[in-house]
A.B. asks: 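Would you mind keeping the following structure in view while I ask a few things?
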Amino acid sequence: MSVERDLIAKAEARAAVFGVIGLGYVGLPLAVELAAAGYRVIGYDVNRRVVDGVNAGRSHILDVSSERLAPLVQAGRLAVTDEAKRLVEADAVSICVPTPLSKTKDPDISYVMAAAQALHGVVRAGQVVILESTTYPGTTRELFLPVFENAELKVYDKGVDRPPDYASYGESLSIREGDIFLPRTSPEAAELTKLLENTFRSVNIGLVNEMAIVCDKLGVDVWEVIEAAATKPFGFMKFTPGPGLGGHCIPIDPHYLAWKMRGLNYKTRFIEVAAEVNSEMPAFWVRKVVERLNQDSKPVRGSRILVMGVAYKKDSDDLRESPALDVIRLLLAQGADVSYHDPHVPEFSEDARTLRSVPLSPEAVRSADCVVVVTDHSGVDYRMLCREARAIVDTRHVLSEYTRA
């Protein structure tokens with residue numbers, strides 16, 4: 001049996017061993033899904049706290065409960081190490097490390113290259129290495145693959161050198177019924193696919209955020225306009241405005257493509273305009289707070305502002321690129337006394353200042369001059385919020401179904 005067919009047979013029988021490098025917001029959920037599907041999984045992370053926590057059955061990711069993680073660890077389906085040499089046992093290794101931007105919006109692929117270096121000298125013939133991390137077109141072929149190429153090993157690009165074999169292996173690794181595996185003709189096509197997906201969302205969110213500003217100046221309810229437009233059965237996809245973009249994908253990925261194109265002497269105009277609009281939204285909502293306080297003849301300086309939610313999205317503890325941090329920073333810069341409540345983020349540090357979530361109570365709401373809803377977490381008593389707050393600015397339209405008592 002060939003190496004490729006052997007891999008496919010092991011994958012179909014769930015006998016393949018899977019390695020996951022980086023146990024963060026992508027890596028840990030992937031490792032858990034694979035283990036739950038019947039694979040034995042070896043996780044690798046350089047953070048000793050993460051390694052010890054996962055091996056003890058404790059999850060550090062809100063999307064993965066400890067109750068789901070612990071049985072997989074106890075059953076020996078998932079084990080985590082900080083020793084890269086253990087990855088030699090894996091038939092397939094998935095790299096799920098961060099790919100942030102530098103302060104100048106240039107791609108930082110140091111984590112990807114560190115993962116490649118960790119595998120250098122560990123990879124063996126017949127292994128499949130999957131680069132899950134989002135990056136710019138050309139990273140895999142130009143930077144990643146050369147790390148592994150030496151006199152003993154030949155690197156095959158999935159879908160290029162042997163497309164039927166590796167496509168079949170990818171299909172066999174599918175972990176849920178109904179998953180779709182679409183082999184690409186090149187690594188560049190695969191890299192660009194992820195960038196297009198998130199750029200599409202970034203541009204459309206930028207459009208609807210600008211529409212929110214337009215509606216505000218015209219005195220029109222943007223939410224009413226969006227709901228009406230969404231009744232069209234074709235040609236319209238509903239996006240909603242908010243306080244800005246957060247997370248790792250939508251605020252970051254389009255800049256990877258823009259950076260790559262600048263090197264080819266092309267300006268990605270839609271991407272840059274959308275990024276500009278989206279980055280202005282925290283300031284737009286802070287101006288709405290100022291306007292609301294003015295209605296009560298109160299200046300921002302010295303006013304008590306309660307921010308509801310600091311995670312970048314609903315029911316998450318993820319603070320990466322969260323627009324709430326910009327909202328808080330801008331309010332503090334204007335002299336406001338800012339506190340926050342977030343059931344998923346007990347505390348965070350920003351600009352050498354540590355803020356801690358305050359309990360949500362009628363007293364806490366009444367003591368604030370203005371409440372700003374930035375993240376629309378579930379389980380929050382929004383009816384009480386509407387009843388007790390002196391003033392509210394709702395960036396998520398979450399309070400629309402509630403009325404003041």
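Being a predicted model, the structure only gives us computed values, none of them experimental. Start at 1 with the first residue, then count along the sequence.
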A.B. asks: Between the main-chain N or O of Ala212 and the side-chain N or O of Asp216, is there a donor-acceptor pair closer than 3.5 Å?
C.D. replies: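 It does not hold such a pair.
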A.B. asks: So which atom in Pro359 and which in Ala364 form the shortest heavy-atom distance, rounded to 0.1 Å?
C.D. replies: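 Scanning both residues completely, I find the closest heavy atoms to be O-CB, 3.7 Å.
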A.B. asks: Check salt bridge (Lys or Arg N to Asp or Glu O under 4.0 Å) between Arg287 and all other residues, then give those that pass, not counting sequence neighbours.
C.D. replies: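 Partners of Arg287 under the salt bridge (Lys or Arg N to Asp or Glu O under 4.0 Å) test: none.
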A.B. asks: Taking atom CG of Asp318 and atom OH of Tyr25, what is their separation to the nearest 0.5 Å?
C.D. replies: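 Nearest 0.5 Å value for the CG-OH distance: 4.0 Å.
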A.B. asks: Say whether, by atom type as modelled, one donor and one acceptor occur between the side chain of Tyr111 and the main chain of Ser133 under 3.5 angstrom.
C.D. replies: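 No, Tyr111 side chain to Ser133 backbone: no donor-acceptor pair under 3.5 Å.
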A.B. asks: Taking all non-hydrogen atoms of both residues, which atom of Asp369 and which atom of Ala391 are closest, and how far apart?
C.D. replies: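 Residues Asp369 and Ala391, closest heavy atoms: O-CB, 3.6 Å.
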A.B. asks: Supply the atom-to-atom distance Arg383 CZ to Glu388 CD, rounded to the nearest 0.5 angstrom.
C.D. replies: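 Taking CZ in Arg383 and CD in Glu388, the distance rounds to 13.0 Å.
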A.B. asks: Near Met261 CE, under 6.0 Å, is it more than 12 heavy atoms from other residues, nucleotides or ligands?
C.D. replies: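 Result for CE/Met261: enclosed.
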A.B. asks: Just by distance, do the side chain of Arg262 and the backbone of Thr268 share a donor-acceptor pair under 3.5 Å?
C.D. replies: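 No: the side chain of Arg262 does not pair with the backbone of Thr268.
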A.B. asks: Check Ala189 against Thr193 and note the closest heavy-atom contact, atom names and distance.
C.D. replies: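 Closest approach of Ala189 to Thr193, heavy atoms only: O-OG1, 2.7 Å.
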A.B. asks: Sequence neighbours left out, what pairs pass ring pair (Phe, Tyr, Trp, His ring centres under 6.0 Å) with at least one residue falling in residues 212-231?
C.D. replies: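 Every pair satisfying ring pair (Phe, Tyr, Trp, His ring centres under 6.0 Å) with a residue in residues 212-231: Trp223-His397.
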A.B. asks: side-chain contact (heavy atoms from CB on, under 4.5 Å) between Thr135 and Val112: does it pass, once the steps are laid out?
C.D. replies: CA-CA 9 Å; Thr135 186; Val112 169; 5.5 Å; no
A.B. asks: Considering residues at least two apart in sequence or located in another chain, which fulfil the side chain to side chain contact (heavy atoms under 4.5 Å, CB included) criterion with Lys217?
C.D. replies: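 In terms of side chain to side chain contact (heavy atoms under 4.5 Å, CB included), with neighbours along the sequence ignored, Lys217 is linked to Ile213.
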A.B. asks: Would you say the side chains of Thr354 and Ser349 form a donor-acceptor pair under 3.5 Å?
C.D. replies: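 Checked: Thr354/Ser349 side chains pair up, N/O donor to acceptor below 3.5 Å.
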A.B. asks: Do the side chains of Val300 and Val289 get nearer than 4.5 Å, heavy atoms only?
C.D. replies: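 Heavy-atom side-chain distance check fails, nothing below 4.5 Å.
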A.B. asks: Is it the case that the side chain of Asn198 and the backbone of Pro254 share a donor-acceptor pair, with hydrogens and angles ignored and the cut-off at 3.5 Å?
C.D. replies: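 No, because the side chain of Asn198 does not come within donor-acceptor range (under 3.5 Å) of the backbone of Pro254.
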A.B. asks: Say whether Glu191 and Thr140, considering side chains only, have a donor N or O and an acceptor N or O under 3.5 Å apart.
C.D. replies: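 Short answer, yes.
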A.B. asks: Could you tell me if the side chain of Val290 sits less than 4.5 Å from the side chain of Gln334, heavy atoms only?
C.D. replies: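 They are in side-chain contact.
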A.B. asks: Would you sort out whether Leu306 and Val358 count as a side-chain contact (heavy atoms from CB on, under 4.5 Å), showing the intermediate values?
C.D. replies: CA-CA 9 Å; Leu306 174 61; Val358 300; 3.9 Å; yes
A.B. asks: The criterion is side chain to side chain donor-acceptor pair (under 3.5 Å); which residues satisfy it with Glu197, sequence neighbours excluded?
C.D. replies: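 Partners of Glu197 under the side chain to side chain donor-acceptor pair (under 3.5 Å) test: none.
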A.B. asks: For the atom pair CD1 (Ile252) and OG1 (Thr99), what is the distance rounded to the nearest 0.5 Å?
C.D. replies: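 Nearest 0.5 Å value for the CD1-OG1 distance: 8.0 Å.
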A.B. asks: Report the C-alpha distance between Trp285 and Val372 in whole Å, list the side-chain angles of each, state the deciding distance to 0.1 Å, and finish with yes or no for side-chain contact (heavy atoms from CB on, under 4.5 Å).
C.D. replies: CA-CA 9 Å; Trp285 286 108; Val372 187; 5.8 Å; no
A.B. asks: Looking at side-chain heavy atoms only, is the closest gap between Asp253 and Thr199 below 4.5 Å?
C.D. replies: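 Asp253 does not reach Thr199 side chain to side chain.
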A.B. asks: Compare every heavy atom of Ala368 with every heavy atom of Arg390, then report the nearest pair and how far apart it is.
C.D. replies: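 Taking every non-hydrogen atom into account, CD-O, 3.5 Å.
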A.B. asks: Any side-chain heavy-atom pair from Leu78 and Leu69 closer than 4.5 angstrom?
C.D. replies: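 Counting from C-beta outward, Leu78 and Leu69 do come under 4.5 Å.
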A.B. asks: Identify the two heavy atoms, one from Pro146 and one from Glu142, that lie closest to each other, and give their separation to 0.1 Å.
C.D. replies: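 Closest heavy-atom pair between Pro146 and Glu142: CG-O, 3.5 Å.
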A.B. asks: Could you go through the side-chain contact (heavy atoms from CB on, under 4.5 Å) check for Ile42 and Glu89 one step at a time?
C.D. replies: CA-CA 8 Å; Ile42 301 169; Glu89 305 170 34; 3.6 Å; yes
A.B. asks: Return yes if some donor-acceptor pair links the side-chain N/O of Ser322 with the main-chain N/O of Val310 below 3.5 Å, else return no.
C.D. replies: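 Yes: the side chain of Ser322 pairs with the backbone of Val310.
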A.B. asks: Kindly check if the number of other-residue, nucleotide or ligand heavy atoms within 6.0 Å of CD (Glu210) is above 12?
C.D. replies: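 Open: at most 12 neighbouring heavy atoms sit under 6.0 Å from CD of Glu210.
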A.B. asks: Does any N or O in the side chain of His377 come within less than 3.5 Å of the main-chain N or O of Asp315, such that one atom is a donor and the other an acceptor?
C.D. replies: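 Yes, the answer is positive, given that a donor and an acceptor are paired below the 3.5 Å cut-off.
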A.B. asks: Testing the basics here: between Ser279 and Pro282, what is the closest heavy-atom pair and its distance to 0.1 Å?
C.D. replies: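 Taking every non-hydrogen atom into account, O-CD, 3.5 Å.
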A.B. asks: Report the distance from atom CD1 of Ile392 to atom SG of Cys386, rounding to the nearest 0.5 Å.
C.D. replies: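 Rounded to the nearest 0.5 Å, the CD1-SG separation comes out at 4.5 Å.
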A.B. asks: Asp394: which residues meet the side chain to side chain donor-acceptor pair (under 3.5 Å) condition with it, sequence neighbours left out?
C.D. replies: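 Side chain to side chain donor-acceptor pair (under 3.5 Å) list for Asp394, sorted by chain: empty.
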A.B. asks: Is the shortest distance from a Lys or Arg side-chain nitrogen in Glu291 or Lys288 to a carboxylate oxygen in the other one below 4.0 Å?
C.D. replies: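 Salt bridge flag = yes for Lys288 with Glu291.
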A.B. asks: Give a yes or no on whether the backbone of Val17 and the side-chain of Asp91 come within a donor-acceptor separation of less than 3.5 Å.
C.D. replies: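 Side chain of Asp91 to backbone of Val17, a donor-acceptor pair under 3.5 Å: yes, one is there.
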A.B. asks: Does any non-hydrogen side-chain atom of Asn278 lie less than 4.5 Å from one of Ile250?
C.D. replies: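 In short, these two side chains do not touch, never coming nearer than 4.5 Å.
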A.B. asks: How long is the gap from CZ on Phe239 to CD1 on Ile226, to the nearest 0.5 Å?
C.D. replies: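 Rounded to the nearest 0.5 Å, the CZ-CD1 separation comes to 11.0 Å.
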A.B. asks: Can you tell me how far CD1 of Ile95 sits from CZ of Phe144, rounded to the nearest 0.5 angstrom?
C.D. replies: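 Taking CZ in Phe144 and CD1 in Ile95, the distance rounds to 3.0 Å.
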A.B. asks: Given 3.5 Å as the limit, does a donor-acceptor pair link the side chain of His60 with the main chain of Leu23, or not?
C.D. replies: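 Yes, His60 side chain to Leu23 backbone: donor-acceptor pair under 3.5 Å.
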A.B. asks: Other residues, nucleotides and ligands only: do more than 12 of their heavy atoms fall within 6.0 Å of CZ on Arg366?
C.D. replies: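 For Arg366, atom CZ is crowded (more than 12 foreign heavy atoms under 6.0 Å).
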A.B. asks: For Thr134, what residues pass the side chain to side chain donor-acceptor pair (under 3.5 Å) criterion, not counting sequence neighbours?
C.D. replies: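 Expected list: Lys194.
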A.B. asks: Heavy atoms, side chains only, cut-off 4.5 Å: are Met308 and Leu360 in contact?
C.D. replies: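 A side-chain contact exists here, since the closest heavy-atom pair is under 4.5 Å.
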A.B. asks: If you define the side chain from C-beta out and look only at heavy atoms, does anything of Pro251 sit under 4.5 Å from Arg320?
C.D. replies: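 Of all side-chain heavy-atom pairs linking Arg320 with Pro251, none is under 4.5 Å.
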A.B. asks: Is a salt bridge present between Arg48 and Asp82, judged by a nitrogen-to-oxygen distance below 4.0 Å?
C.D. replies: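 Salt bridge flag = yes for Asp82 with Arg48.
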A.B. asks: Any side-chain heavy atom of Arg304 within less than 4.5 Å of one from Ser339?
C.D. replies: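 Contact flag for Arg304/Ser339 side chains = no.
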A.B. asks: Just by modelled atom types, is the Asp342 backbone N or O under 3.5 Å from a matching donor or acceptor in the Ser357 side chain?
C.D. replies: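 Yes: the side chain of Ser357 pairs with the backbone of Asp342.
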A.B. asks: Determine yes or no for a side-chain-to-main-chain donor-acceptor pair under 3.5 angstrom, with Arg396 supplying the side chain and Val374 the backbone.
C.D. replies: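 Present.
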